[in-house]
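To start, the structure itself, in structure tokens.
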Amino acid sequence: MKKLILSFIIIFIPLCACSVEIGNFKFNITTSSLTAELYMYNGNSSEVVIPEEIEYNGYKYTVTSISGYKNRQYFGAFQNNHRLKSITFPKTLKDIGPSAFGNCDSLTHITFPQNLINIGNSAFSGCENLSQIVFGNNIYQIGEFAFYGCNSLSSIILPKVKIIGYGCFQECRNLKSIILSDNLELIPNLCFYKCEKLNTIIIPNSVTSIGKDAFDGCSSLSTITIGKNVTKIGESPFTYCSNLKDVYCYAETVPNTDETAFNKSISENATLHVPETSINSYRSKAPWKSFGKIVALSDEDKPVVPDTPEVKVCATPTISYENGKLIFNCETEGAVCKSTITDDDVASFEANEVQLNVTYNISVYATKEGYKDSEVAKATLCWIDVEPKSEGLTNTDIANVKALPVVVQANNGTITVSGADDGTMVEVYGISGTKLGEAKTALNTATIHTDAQVGSVVIVKVGNKSIKIAL
């Protein structure tokens, strides 16, 4: 009987994490997941654009997180940066760490990307000039004291947030309105403590508990709506709400609380609206029985949720090149175009020959206060030789090369080339070498429609110049 001998070769793939410095950014990269965490910014710019991906040792790493304060080893990535006025997050971002932007007191507005899930403790605490926040629809959790002391905030909409932390919006003294998520489970302690301009609050039916001092010191609060599933109310949540006029409580069973819940808030003019079948229960228990009037809820009392203000979006800019200048145009009046330009030729080499690309990769978006930032427009600017054979340079020569500036843009599978002389052949190839389309320029422009998928890379050949483009 023959024996079957099996041999196994076990290959161990190291899970490597290391630090990489790219420009003014420092990243921690994880090779196993090809992800990067931004942990430090060393620049002096007031307007910062965080890249979606970085390249290191031939691999591309997706930027998914911004580091926060960790065991006193280092501070948040932008903590105490007093110059920072504007930050553009990558669409790939999922997590912002504790104190990442703490005390960035020049920061004025934020638009979070749709993929963001978590905002850490004290992430934007002390950002006194932060006046506008646009949350994405996938935000799940906002940490403790995340926006503590953001005194310039006037309104907030929390789309689908499930968890907000202790003191999350504490002492946002100019906050006038907030629309809470109908996914929210509880309102924690000190959440809106001393939000002195807050006028109305609607606590959704998803909430079961209101924490201690949650709305303490909200001296402008006149109307409170408490959802039907609230069963527990902590100590002093509505203390010193001196302008309180109406409380609409939809809980049929009187929520468990103590006498301090409305301390220094209830006057003889304040009215408690409760389910008709529960009036006697509320009249027999403190602090509810202290209201001047206790009446039955009516159909007219159903809470009116404020209209969600329409978020206006800046138009995506167009890119052109003329007389030595890049020109960005946006149809949104008053919008400012913010661009990033990288040069493929900026590098150091150890070789006897160096291939020069003479290309600039351009990305630009439009921004305006009160508007959501536009989509990012991308293009590649290059120069094609009019007389390739005349090009040359020696130790004593200065190159005199006739060349045309050409702008190449990709939108889904459509390639647009502008700037080349009429009649110039433009060809598009896949990475495998398969031709995907061609056209000659007319009125200095050629448009080629291809079947290439979004995210793929193609080669665009303009005259004798080949350019790699990501769709």
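Quick note: residue numbers are just sequence positions, from 1. The shown structure was predicted, so the numbers you read here are calculated from the model rather than taken from an experiment.
In terms of the side-chain contact (heavy atoms from CB on, under 4.5 Å) criterion, residue partners of K197 (sequence neighbours excluded) are, by chain and number, N174, K176. Under the side-chain contact (heavy atoms from CB on, under 4.5 Å) criterion, K264 pairs with Y240, not counting sequence neighbours. For K285, there are no salt bridge (Lys or Arg N to Asp or Glu O under 4.0 Å) partners at least two apart in sequence or on another chain. Scanning for ring pair (Phe, Tyr, Trp, His ring centres under 6.0 Å) contacts around F89 gives F101, F112, with sequence neighbours left out. Residues satisfying the side-chain contact (heavy atoms from CB on, under 4.5 Å) criterion with Q141, sequence neighbours excluded, are N118, I163. Listed by chain and residue number, nothing satisfies the side chain to side chain donor-acceptor pair (under 3.5 Å) test with N121 (two or more places apart in sequence, or in another chain). Listed by chain and residue number, H82 satisfy the side chain to side chain donor-acceptor pair (under 3.5 Å) test with D105 (two or more places apart in sequence, or in another chain). Remark: T416 engages T414, T445, T447 in a side-chain contact (heavy atoms from CB on, under 4.5 Å) (not counting sequence neighbours). When the salt bridge (Lys or Arg N to Asp or Glu O under 4.0 Å) test is applied to E171, the partners found at least two apart in sequence or on another chain are R173.
To the nearest 0.5 Å, the span separating CD1 on I294 from SG on C249 amounts to 11.0 Å. Rounding to the nearest 0.5 angstrom, the gap separating the OH atom in Y250 from the NE2 atom in H273 is 9.0 Å. For the atom pair CG (D95) and CD1 (I117), the distance works out to 8.5 Å, reported to the nearest 0.5 Å. For the atom pair CD1 of I87 and OG1 of T108, the computed distance is 11.5 Å after rounding to the nearest 0.5 Å. For the atom pair OG of S298 and OH of Y248, the computed distance is 8.0 Å after rounding to the nearest 0.5 Å. S363 OG to I319 CD1: the interatomic distance, rounded to the nearest 0.5 Å, is 8.0 Å.
A 4.5 Å side-chain heavy-atom check between V407 and V417 finds every atom pair outside the cut-off. Between F147 and I142 there is a side-chain heavy-atom pair separated by less than 4.5 Å. Proximity of F238 to I266: side-chain heavy atoms (C-beta onward) are nowhere separated by under 4.5 Å. The closest side-chain heavy-atom distance from L93 to I66 is below 4.5 Å. At a threshold of 4.5 Å between non-hydrogen side-chain atoms, the residues Y59 and L34 count as touching.
Neither side chain, K162 nor S206, offers a donor N or O lying under 3.5 Å from an acceptor on the other. Inspection of the T260 and D258 side chains reveals an N or O donor paired with an N or O acceptor under 3.5 Å. Defined by atom type and a distance below 3.5 Å, a donor-acceptor pair is missing between the side-chain atoms of N138 and Q114. Looking at T62 and T64, their side chains never bring a donor and an acceptor atom within 3.5 Å of each other.
A donor-acceptor pair under 3.5 Å links the side-chain atoms of T257 to the main chain of I233, judged by distance alone. Remark: side-chain polar atoms of N42 are not paired, donor with acceptor, to backbone N or O of N24 under 3.5 angstrom. S339 contributes no side-chain N or O that, together with a main-chain N or O of V364, makes up a donor-acceptor pair within less than 3.5 Å. No side-chain donor-acceptor contact under 3.5 Å links S125 to the backbone of S122. In terms of modelled atom types and a separation under 3.5 Å, the side chain of S278 and the main chain of T253 share no donor-acceptor contact.
In the displayed structure, R283 atom CZ is contacted under 6.0 Å by more than 12 heavy atoms of other residues, nucleotides or ligands. Annotation for E252: atom CD does not count as buried by contact number, only 12 or fewer foreign heavy atoms lying within 6.0 Å. Within 6.0 Å of atom NZ in K338, more than 12 heavy atoms from other residues, nucleotides or ligands are found, so the atom counts as buried in its surroundings.
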Taking only distance into account, with no hydrogens and no angle test, what donor-acceptor pairs under 3.5 Å do side-chain atoms of residues 45-52 form with protein atoms, sequence neighbours excluded?
from : atom 1 : to  : atom 2 : distance (Å)
S45  : OG     : E47 : N      : 3.1
S45  : OG     : E47 : O      : 2.8

Side-chain atoms of residues 324-335: list all donor-acceptor pairs with protein atoms under 3.5 Å, sequence neighbours left out, distances to 0.1 Å.
from : atom 1 : to   : atom 2 : distance (Å)
T332 : OG1    : A315 : N      : 2.8

Enumerate donor-acceptor pairs with a distance under 3.5 Å from any side-chain N or O in residues 207-222 to protein atoms, sequence neighbours excluded.
from : atom 1 : to   : atom 2 : distance (Å)
S220 : OG     : E196 : O      : 2.7
S222 : OG     : N199 : O      : 3.4

**Study point:** S32 and T30: CA distance, side-chain angles, deciding distance, side-chain hydrogen bond (donor to acceptor under 3.5 Å, both in side chains) verdict
**Key:** CA-CA 6 Å; S32 58; T30 304; 5.7 Å; no
Pair N229-N205, side-chain hydrogen bond (donor to acceptor under 3.5 Å, both in side chains): steps then yes or no: CA-CA 6 Å; N229 291 315; N205 289 329; 5.2 Å; no
- [ ] Let me see the working for F145 and Q170 under side chain to side chain contact (heavy atoms under 4.5 Å, CB included), right down to the final yes or no.
- [x] CA-CA 7 Å; F145 302 107; Q170 181 176 338; 3.3 Å; yes
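Ring pair F262/F291 is perpendicular by interplanar angle, where above 60° counts as perpendicular and below 30° as parallel.
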